[in-house]
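To start, the structure under review is shown below, and the notes come after it.
Chain letters run A, B, ... following the sequence lines, proteins first, then strands; residues in each count from 1.
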There are 2 protein chains.
Amino acid sequence: MSVNLAHSETISSLKVARRPWPVIVGEAAKTAPSGDDFAALETVGARMTFGRNETIFSEGDCAKYCYRLVSGSVRLCKLLADGRRQISDFFLPGDFFGYADFDTYALSAEAVTGVVVTRYARNQVEAVSESDSRFRRRLGQLLHERFNAAQLHLVMLGRYTVKERISSFLIQMAERLDPGAGSADEIELPMSRLDIADYLGLTIETVCRAISDLKRADVIAVPSIHRIVLRKPSVLRDLVEGGEHLLA
Amino acid sequence: MSVNLAHSETISSLKVARRPWPVIVGEAAKTAPSGDDFAALETVGARMTFGRNETIFSEGDCAKYCYRLVSGSVRLCKLLADGRRQISDFFLPGDFFGYADFDTYALSAEAVTGVVVTRYARNQVEAVSESDSRFRRRLGQLLHERFNAAQLHLVMLGRYTVKERISSFLIQMAERLDPGAGSADEIELPMSRLDIADYLGLTIETVCRAISDLKRADVIAVPSIHRIVLRKPSVLRDLVEGGEHLLA
DNA sequence: CGGCTTTTTGAGACGCGTCAATGACCGTGG
DNA sequence: CCACGGTCATTGACGCGTCTCAAAAAGCCG
């Protein structure tokens with residue numbers, strides 16, 4: 001099983017990233033969408049920065065804070081004693097995370113790229129939630145969304161083939177990364193192949209091979225390593241749905 | 001992939017089970033635990049019965065109701081077009097389900113055995129939740145528990161070997177089925193091997209083989225088909241901790 | 001340019017799925 | 001009461017797909 005070497009600099013937390021990576025600042029430092037349900041928290045948030053592969057919080061830590069991602073991207077994962085890793089979710093700018101836990105975090109959150117977050121004390125979030133029913137509903141809705149996403153993830157890990165997993169992942173990322181309407185046809189994947197593998201329950205080699213297959217079939221193009229062009233999104237969709245053959 | 005033939009009698013809903021199966025009435029018709037947080041709903045619930053393999057609600061149905069399981073057991077599952085199935089959760093007496101959805105149910109709930117439930121209108125549950133902050137917190141806690149369980153399930157499907165999955169499943173069921181203290185050493189599994197397979201992301205044959213292996217190693221005994229004796233729980237625990245302590 | 005990490009590709013092993021046959025259990029009806 | 005048919009569970013033989021191991025290629029940064 002793949003050895004995990006992601007934790008070279010897991011200690012300090014306010015350190016600036018050595019090399020901020022695609023912190024897409026100019027173009028896409030997406031601020032909160034206009035009708036922002038988090039306005040109530042605006043005043044109590046603290047802005048923070050994490051470097052690539054830095055840990056934002058660890059499984060078992062006292063869950064004092066929750067976070068809103070401003071820029072970059074974050075993985076939520078669980079590490080087994082022998083190095084096996086499962087990523088349960090990726091977060092993108094605008095996502096709110098770290099609130100779906102009890103006293104301690106159930107999983108670790110790590111910066112996939114250089115990251116900027118706003119950090120909120122949980123007791124303050126809870127106070128606002130207690131008094132503001134609109135905010136509370138919004139928070140509940142977010143939790144439900146994460147829950148439903150986890151259910152789909154479950155089906156994928158339990159029953160999808162490799163091709164279905166990769167296709168489903170690409171479509172899903174295209175939808176999430178596209179701010180506006182239907183999924184964009186070109187996406188910038190912030191995470192490494194190993195991250196993708198650990199999200200899909202595969203090995204990095206299998207992920208590479210599946211991507212190469214799609215490239216060979218001209219369903220996607222890969223101009224640079226973190227950039228993917230969906231040339232035939234419909235084929236990707238078919239690969240996921242029929243749950244069947246379509247790719248040579 | 002295994003053909004699913006579970007839906008022979010999915011239509012009527014108030015029908016009594018043809019043959020109630022292990023509806024453990026005398027011994028374990030567990031009523032709500034003494035400090036019952038659902039007292040507030042007591043008056044608005046309707047008692048209902050479902051037969052084995054009957055559908056309680058289907059994916060996509062308008063989510064008007066939620067349920068509390070009184071006796072028997074229920075599976076929550078998703079069916080793909082080609083018959084593949086993933087079970088995301090089993091419910092046991094006392095469990096509350098069907099509330100973690102939006103307007104429509106995201107998954108289907110089916111009776112694994114003959115089942116008795118109390119059904120509540122969601123708008124009433126929401127009304128109580130809105131006015132009673134204690135009840136609301138309890139409901140949120142339940143959702144968090146299901147969410148954390150789903151996260152562990154995710155790790156299992158993504159990263160566990162067959163032996164680890166079976167061991168983890170047995171331990172988990174022993175803990176959930178045991179009303180009192182530490183896990184009982186003999187458990188009554190209400191679900192079929194196919195259900196177990198679809199929960200663990202395996203085939204029925206693989207599940208059988210793994211169980212036979214454990215039997216052969218004298219780690220468990222199988223006096224009858226739905227009954228399992230954990231002869232060496234510690235070995236089971238070791239088998240799952242090829243990774244880690246992953247049990248809530 | 002030279003040393004690193006990450007990605008890609010290849011060859012081979014092995015675990016799990018597939019297909020098929022047998023056995024166990026159970027309710028039904030002769 | 002036993003024979004029968006249906007469902008579910010178990011076991012075996014075999015093939016395929018994914019993992020493992022290994023090495024080369026491609027980026028990345030000093």
Whole angstrom value for the distance that separates [atom2] of [N] from [atom1] of [X]:
{"X": "A:I225", "N": "D:dC28", "atom1": "CD1", "atom2": "P", "value": "7 Å"}
{"X": "A:D198", "N": "C:dT6", "atom1": "CG", "atom2": "C1'", "value": "14 Å"}
{"X": "B:R227", "N": "C:dA24", "atom1": "CZ", "atom2": "C1'", "value": "18 Å"}
{"X": "A:R84", "N": "D:dC19", "atom1": "CZ", "atom2": "C1'", "value": "13 Å"}
{"X": "B:L194", "N": "D:dT7", "atom1": "CG", "atom2": "P", "value": "14 Å"}
{"X": "A:L214", "N": "C:dT8", "atom1": "CG", "atom2": "C1'", "value": "15 Å"}
{"X": "A:R193", "N": "D:dA25", "atom1": "CZ", "atom2": "P", "value": "19 Å"}
{"X": "A:D213", "N": "C:dT8", "atom1": "CG", "atom2": "P", "value": "12 Å"}

Taking only residues two or more places apart in sequence or in another chain, which ones pass salt bridge (Lys or Arg N to Asp or Glu O under 4.0 Å) with [X]?
{"X": "B:R119", "answer": "none"}
{"X": "B:D61", "answer": "none"}
{"X": "A:E145", "answer": "none"}

Side-chain donor-acceptor distances from residues 209-222 of chain B under 3.5 Å, at least two apart:
from: B:S212; atom 1: OG; to: B:C208; atom 2: O; distance (Å): 3.0
from: B:D213; atom 1: OD1; to: B:R216; atom 2: NH1; distance (Å): 2.8

Report task. Map A:P223 and A:L202 onto DNA chain D by nearest heavy atom, then report which one ends up closer to the 5' terminus. Result -> A:L202
Quick test: give all pairs of protein nitrogen or oxygen and nucleotides 9-11 of chain C nitrogen or oxygen below 3.5 Å, distance rounded to 0.1 Å.
from: C:dT9; atom 1: OP2; to: A:S212; atom 2: OG; distance (Å): 2.2
from: C:dG10; atom 1: N7; to: A:R209; atom 2: NH1; distance (Å): 2.8
from: C:dG10; atom 1: O6; to: A:R209; atom 2: NH2; distance (Å): 3.3

Report task. Report the residues that fulfil side-chain hydrogen bond (donor to acceptor under 3.5 Å, both in side chains) with B:E186, sequence neighbours left out, ordered by chain and then residue number. Result -> B:R227
Query raised in the report: According to the salt bridge (Lys or Arg N to Asp or Glu O under 4.0 Å) rule, which pairs have a member within residues 149-158 of chain B, sequence neighbours left out?
Result: none
Requested in this report: Just report the end-to-end axis angle for the helix from C:dC1-D:dG30 to C:dG30-D:dC1, five pairs per end, to 10 degrees.
Outcome: 30°
Report task. Applying ring-ring contact (aromatic ring centres under 6.0 Å, His included), name anything that partners A:F90, two or more places apart in sequence or on another chain. Result -> A:Y199
**Report entry** Under-4.0 Å salt bridge between A:R146 and A:D89
**Finding:** yes
**Report entry** Plane angle bin for A:F97 and A:Y67 - parallel if under 30°, tilted between 30 and 60°, otherwise perpendicular
**Finding:** parallel
